Amino acid sequence: MAPPAILGAIYLTFILLGAVVLWLPISNSVGLTLADAAFTATSAVTVTGLIVVDTGSAFTGFGQAVIALLIQLGGLGLMTFAVLLLTVLGIPVSLSYRAVLREEVNQKSLNNLTDIARVILIASLLSELIGAALLCSVFVPEFGWTTGVWHALFHSVSAFNNAGFALYPDNLMGWVGNPMINIVIPALFILGGLGFIVLADIWQVRGWRKLGLHSKLMIVGTLGLIVVPWIGFAALEWTNLGTLGGLPDIGTRIWASWFQAVTVRTAGFNTLDLARIHDSTALMMMSLMLIGGGSTSTAGGIKVTTLIVLLIATTAFFRRQTQMHIFGRALGAEEVQKVLALTVISMLLVLSGIFITSISHDGDFLDMAFEVTSAFGTVGVTRGATPELDGLGRAVMMVIMFLGRVGPLTLGFFLATRTVPRVRYPKGQIYLG
């Protein structure tokens, strides 16, 4: 089996195991059906955050712990944990394991993969523990030590892994103006969305000039995709009484605009009722969900670097340049081919999902498109349509969540293992545009 097939099989196995465990009476208190348990497990392993039952009330403490474990495994990578476990036990990591891990962390070489896996685990656990400690200042005074500490840890794990699972029916709307929630939660999912390679590069180099090209593109792209949507969301929703217009003061409106702008690309949390945003805002958020976060990160989407390469290629075309370059580095045709293939397949998948879901559910079209886009980007923000889907609609959403998480890795493998054609054909000409 090819490494992507093995990786997909591993993710599918954990989804099935998670579904069975969540279905057991020890995990839920509402008589959860196996289908709903499978949907929840899929959403957790793919770090999406879409739900069909309320996580805080439907699941017991054990069930919530299982969901947190599935989020951790799915976000950091199942093969990362497997390789680290083999290393701790003193078992040599074979080339086949390294090949699968290489696909999961999106590397070209088999060297230093165990070191990369170790960096991923240490950075993740350290970030989650610091985030949980800070969130305790919010949840412990309100819920007490036991419940407060657990809520802080659960939301820290969910945030860093860009999962978007929350233990409250209205997600985080109760803390729309709380500075600690609006700083810690976004900080966690922004770090997780940058990608572990970028975090390791920043830690080792600690200087802009020595950073790699990928790290520079991710930092600049992420900043742009934070500032522009922040201003855009505020401008579009400032007078909407259902969202920003109904908040008590300007400071709270600014916090809410910030949170919605940064969460929509991958995290899945919300502090406003997204069912009441304007259609224009919904379209802006869908575009951001398609972009997603960074490569080798806990985020989904076509990735920030993909968007940047597409923009560079487009600019080079209009300038009639034969070579693309940025930050003093050249980009080859292989990168453009990869991002074009990823973008086209992603668009086809999203459009197919919207088409099939609209057949099975006669609801608002924009709501359906919003949910499907959220599933593909493994984001998890919702306008409330997912629980209303029938069996076919939920099955489609599960498939899209799975492909949104595993699909880009598979595509990268096939693009990296092209074969040289034995027969070369003469060039032909077609007319475009």
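In this text, all values refer to a predicted model and were calculated from it rather than measured experimentally.
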Review point. With a 4.0 Å cut-off, would you call Arg383 and Asp273 a salt bridge?
Key: no
Main-chain N/O of [Y] paired to [X] side chain as donor or acceptor, under 3.5 Å:
X      : Y      : value
Gln260 : Thr271 : yes
Lys303 : Gly301 : yes
Thr48  : Val379 : no
Ser257 : Arg253 : yes
Asn171 : Ala166 : no
Ser215 : Leu211 : no
Asn240 : Leu236 : no
Asp36  : Leu32  : no
Arg405 : Gly74  : yes
Thr386 : Leu50  : no

I need the [X] [atom1] to [Y] [atom2] distance, nearest 0.5 Å.
X      : Y      : atom1 : atom2 : result
Leu70  : Ile15  : CG    : CD1   : 9.0 Å
Leu340 : Leu310 : CG    : CG    : 6.0 Å
Met324 : Thr314 : CE    : OG1   : 10.0 Å
Ile181 : Ile183 : CD1   : CD1   : 10.5 Å
Leu217 : Arg329 : CG    : CZ    : 11.5 Å

Point to revise | Step-by-step side chain to side chain contact (heavy atoms under 4.5 Å, CB included) determination, Val264 to Asn270 | key: CA-CA 8 Å; Val264 73; Asn270 62 280; over 6 Å; no
Residues 154-162, side-chain donor-acceptor partners within the protein, below 3.5 Å, at least two apart:
| unit_1 | atom_1 | unit_2 | atom_2 | d |
| --- | --- | --- | --- | --- |
| His155 | ND1 | His151 | O | 2.6 |
| His155 | NE2 | Leu167 | N | 3.2 |
| Ser156 | OG | Glu128 | O | 2.6 |
| Ser156 | OG | Ala132 | N | 3.3 |
| Ser158 | OG | Gly164 | N | 3.2 |
| Ser158 | OG | Phe165 | N | 2.9 |
| Ser158 | OG | Phe165 | O | 2.9 |
| Asn161 | ND2 | Gln72 | OE1 | 3.1 |
| Asn161 | ND2 | Glu128 | OE2 | 3.1 |
| Asn161 | ND2 | Val157 | O | 2.8 |
| Asn162 | OD1 | Thr266 | OG1 | 3.1 |
| Asn162 | ND2 | Phe160 | O | 3.2 |
| Asn162 | ND2 | Phe189 | O | 3.3 |
| Asn162 | ND2 | Thr298 | OG1 | 2.8 |

Review point. In this structure, are over 12 heavy atoms from other groups packed under 6.0 Å from Phe365 atom CZ?
Key: no
Point to revise | Exceeds 12 heavy-atom contacts within 6.0 angstrom, atom CH2 of Trp255 | key: yes
Exercise for review: With sequence neighbours left out, write down each residue that passes side chain to side chain contact (heavy atoms under 4.5 Å, CB included) with Val309, or none if nothing qualifies.
Suggested key: Leu331, Val336, Val339
Practice item. Show your working on ring pair (Phe, Tyr, Trp, His ring centres under 6.0 Å) between Phe233 and Trp238 and close with a plain yes or no. Key: CA-CA 8 Å; Phe233 189 92; Trp238 194 263; over 10 Å; no
